[in-house]
S.K.: 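Sending over a structure as structure tokens; questions will come in a sec.
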Amino acid sequence: HPFGTTSNKTKFKYSVNLDGRQYVANVKIYDSNGLSEIHNDWVMFSELLQPDVIPIINYISIPDMQGGEIVGLSRLMGDLVVVQEKGIYRLAVPSADPRTWSLVESEPNIGCVSPNSIVEAENGVFFAGRDHIYFLDSNFQATPVTQTIRDTFQRK
């Protein structure tokens, strides 16, 4: 194995493929003794064209200042979208070296309440927030699409 004795046994809740790499989030890492570390605010990435090899050194920490964990990942115009309970973030991650990622845009006041609600559309991403279902467009504008049925949506 190219990483020798370094553990790369990684479990995760969410994943998305982007530019030849698999990005995973809300991870649990196991060491050689079977002990685990949980990182609810990490995005890890695979080696190029090896989606099943995710070394523990390949990570991006996305700490949510409001205490939410990552609840999903998506793609938007070639960038990685990290969806947390209390915020959404757009990261530019070059496929040649994702360690040189940069935060393109963020929206710390809108989050997602259901991982199953995250759906990629042709030009954006839909997700369910606390008060609306939102459409995140290519300009990273989160527009509520349930404005006319807000009362009905919030009762459920």
Side-chain angles (χ1 to χ4, degrees), residues 8 10-29 38-156:
N8 68 338
T10 305
K11 303 289 183 186
F12 50 88
K13 288 186 180 179
Y14 314 106
S15 73
V16 68
N17 288 307
L18 179 66
D19 294 332
R21 293 185 189 269
Q22 176 171 275
Y23 291 85
V24 300
N26 206 322
V27 298
K28 184 184 274 191
I29 303 168
I38 297 173
H39 297 281
N40 296 330
D41 60 353
W42 276 18
V43 174
M44 298 182 73
F45 51 92
S46 72
E47 293 298 303
L48 188 61
L49 301 177
Q50 298 178 40
D52 58 335
V53 179
I54 305 172
I56 60 172
I57 59 171
N58 291 357
Y59 74 92
I60 300 168
S61 179
I62 313 288
D64 180 6
M65 300 305 163
Q66 298 175 357
E69 67 180 51
I70 296 174
V71 295
L73 297 173
S74 189
R75 296 175 294 247
L76 183 64
M77 304 298 289
D79 290 336
L80 180 67
V81 176
V82 179
V83 183
Q84 291 185 315
E85 292 175 325
K86 297 180 179 161
I88 49 176
Y89 305 90
R90 183 176 185 175
L91 307 178
V93 284
S95 66
D97 187 7
R99 288 179 197 89
T100 61
W101 66 275
S102 60
L103 177 65
V104 177
E105 296 175 281
S106 68
E107 175 53 68
N109 301 315
I110 298 174
C112 180
V113 296
S114 173
N116 294 330
S117 71
I118 301 169
V119 178
E120 289 180 23
E122 186 174 320
N123 295 320
V125 178
F126 288 95
F127 65 92
R130 291 215 179 278
D131 53 353
H132 290 290
I133 294 175
Y134 289 93
F135 177 69
L136 188 63
D137 65 20
S138 59
N139 293 323
F140 207 72
Q141 298 297 314
T143 306
V145 296
T146 53
Q147 194 74 25
T148 57
I149 60 166
R150 182 176 183 183
D151 293 339
T152 305
F153 177 72
Q154 287 184 338
R155 265 189 267 140
K156 301 282 177 183

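If you read the sequence from its start, that first residue is 1, and numbering goes on from there. Keep in mind that what you see is a predicted model, and the values were worked out from it rather than measured.
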S.K.: Once rounded to the nearest 0.5 Å, what's the spacing between atom OG of Ser102 and atom CG of Asp79?
M.R.: 8.0 Å

S.K.: Work out which heavy atom in Leu18 is nearest to a heavy atom in Tyr23; give both atom names and the distance.
M.R.: O-CE1, 3.7 Å

S.K.: Examine distances only and state if a side-chain atom of Asp137 and a backbone atom of Asn139 form a donor-acceptor pair shorter than 3.5 Å.
M.R.: yes

S.K.: Side-chain contact test, heavy atoms from C-beta onward, threshold under 4.5 Å: evaluate it for Phe12 versus Ile54 and give yes or no.
M.R.: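 Counting from C-beta outward, Phe12 and Ile54 do come under 4.5 Å.
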
S.K.: What heavy-atom pair brings Thr100 and Asp97 nearest, and what distance separates the two atoms?
M.R.: OG1-O, 2.7 Å

S.K.: Looking only at heavy atoms, which two atoms of Leu48 and Arg21 are closest? And how far apart?
M.R.: N-NH1, 3.2 Å

S.K.: For Val125 and Arg75, what are the C-alpha separation, side-chain angles and deciding distance, and is it a side-chain contact (heavy atoms from CB on, under 4.5 Å)?
M.R.: CA-CA 8 Å; Val125 178; Arg75 296 175 294 247; over 6 Å; no

S.K.: Determine whether Ile57 and Arg99 make a side-chain contact, defined as any pair of heavy atoms from C-beta on separated by less than 4.5 Å.
M.R.: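 A side-chain contact under 4.5 Å exists here.
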
S.K.: If I take atom CZ from residue Arg90 and atom CD from residue Glu105, how far apart are they, to the nearest 0.5 angstrom?
M.R.: 5.0 Å

S.K.: Does atom CZ of Phe140 have more than 12 heavy-atom neighbours from other groups under 6.0 Å away?
M.R.: yes

S.K.: For Phe127, which residues count as a ring pair (Phe, Tyr, Trp, His ring centres under 6.0 Å) partner, sequence neighbours excluded?
M.R.: Tyr134

S.K.: Rounded at 0.5 Å granularity, tell me how far OG1 in Thr10 sits from CE in Met44.
M.R.: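 If we round to the nearest 0.5 Å, Thr10:OG1 and Met44:CE are 4.0 Å apart.
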
S.K.: On a heavy-atom basis, which atom in Leu73 and which in Val43 lie closest, and how many Å separate them?
M.R.: CD2-CG2, 4.2 Å

S.K.: Judged by atom type as modelled, is there a donor-acceptor pair below 3.5 Å linking the side chain of Thr146 to the main-chain atoms of Ile133?
M.R.: yes

S.K.: What are the two closest heavy atoms between Pro115 and Val71, and how far apart are they?
M.R.: CB-O, 3.2 Å

S.K.: Quick one: CD1 on Ile110 to NZ on Lys86, what's the gap to the nearest 0.5 Å?
M.R.: 14.5 Å

S.K.: To the nearest 0.5 angstrom, please state how far the CD1 atom of Ile88 sits from the SG atom of Cys112.
M.R.: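 Going from CD1 on Ile88 over to SG on Cys112, the span is 9.5 Å.
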
S.K.: For the atom pair OG (Ser138) and CD (Glu122), what is the distance rounded to the nearest 0.5 Å?
M.R.: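 Nearest 0.5 Å value for the OG-CD distance: 11.0 Å.
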
S.K.: Would Ile29 and Trp42 count as a side-chain contact (heavy atoms from CB on, under 4.5 Å) if you check the C-alpha gap in whole Å, the side-chain angles of each, and the deciding distance to 0.1 Å?
M.R.: CA-CA 11 Å; Ile29 303 168; Trp42 276 18; 3.5 Å; yes

S.K.: Does the pair Ser46 and Asp52 meet the rule for a side-chain contact (heavy atoms from CB on, under 4.5 Å), with working shown?
M.R.: CA-CA 7 Å; Ser46 72; Asp52 58 335; over 6 Å; no

S.K.: Start with the C-alpha distance between Glu47 and Asn58, add both sets of side-chain angles, then the distance that settles side-chain contact (heavy atoms from CB on, under 4.5 Å), and finish with yes or no.
M.R.: CA-CA 8 Å; Glu47 293 298 303; Asn58 291 357; 2.8 Å; yes

S.K.: Taking only residues two or more places apart in sequence, or in another chain, which ones meet Phe135 in a ring pair (Phe, Tyr, Trp, His ring centres under 6.0 Å)?
M.R.: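 Once residues adjacent in sequence are excluded, the partners of Phe135 under the ring pair (Phe, Tyr, Trp, His ring centres under 6.0 Å) criterion are Phe126.
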
S.K.: In the structure I gave you, are the side-chain heavy atoms of Val82 and Ile60 within less than 4.5 Å of one another anywhere?
M.R.: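 Not touching, per the 4.5 Å side-chain cut-off.
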
S.K.: Is any side-chain heavy atom of Phe45 closer than 4.5 Å to one of Val93?
M.R.: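 Val93 vs Phe45: side chains apart.
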
S.K.: I need the minimum non-hydrogen distance between His132 and Pro144, along with the two atoms involved.
M.R.: CG-CB, 3.5 Å

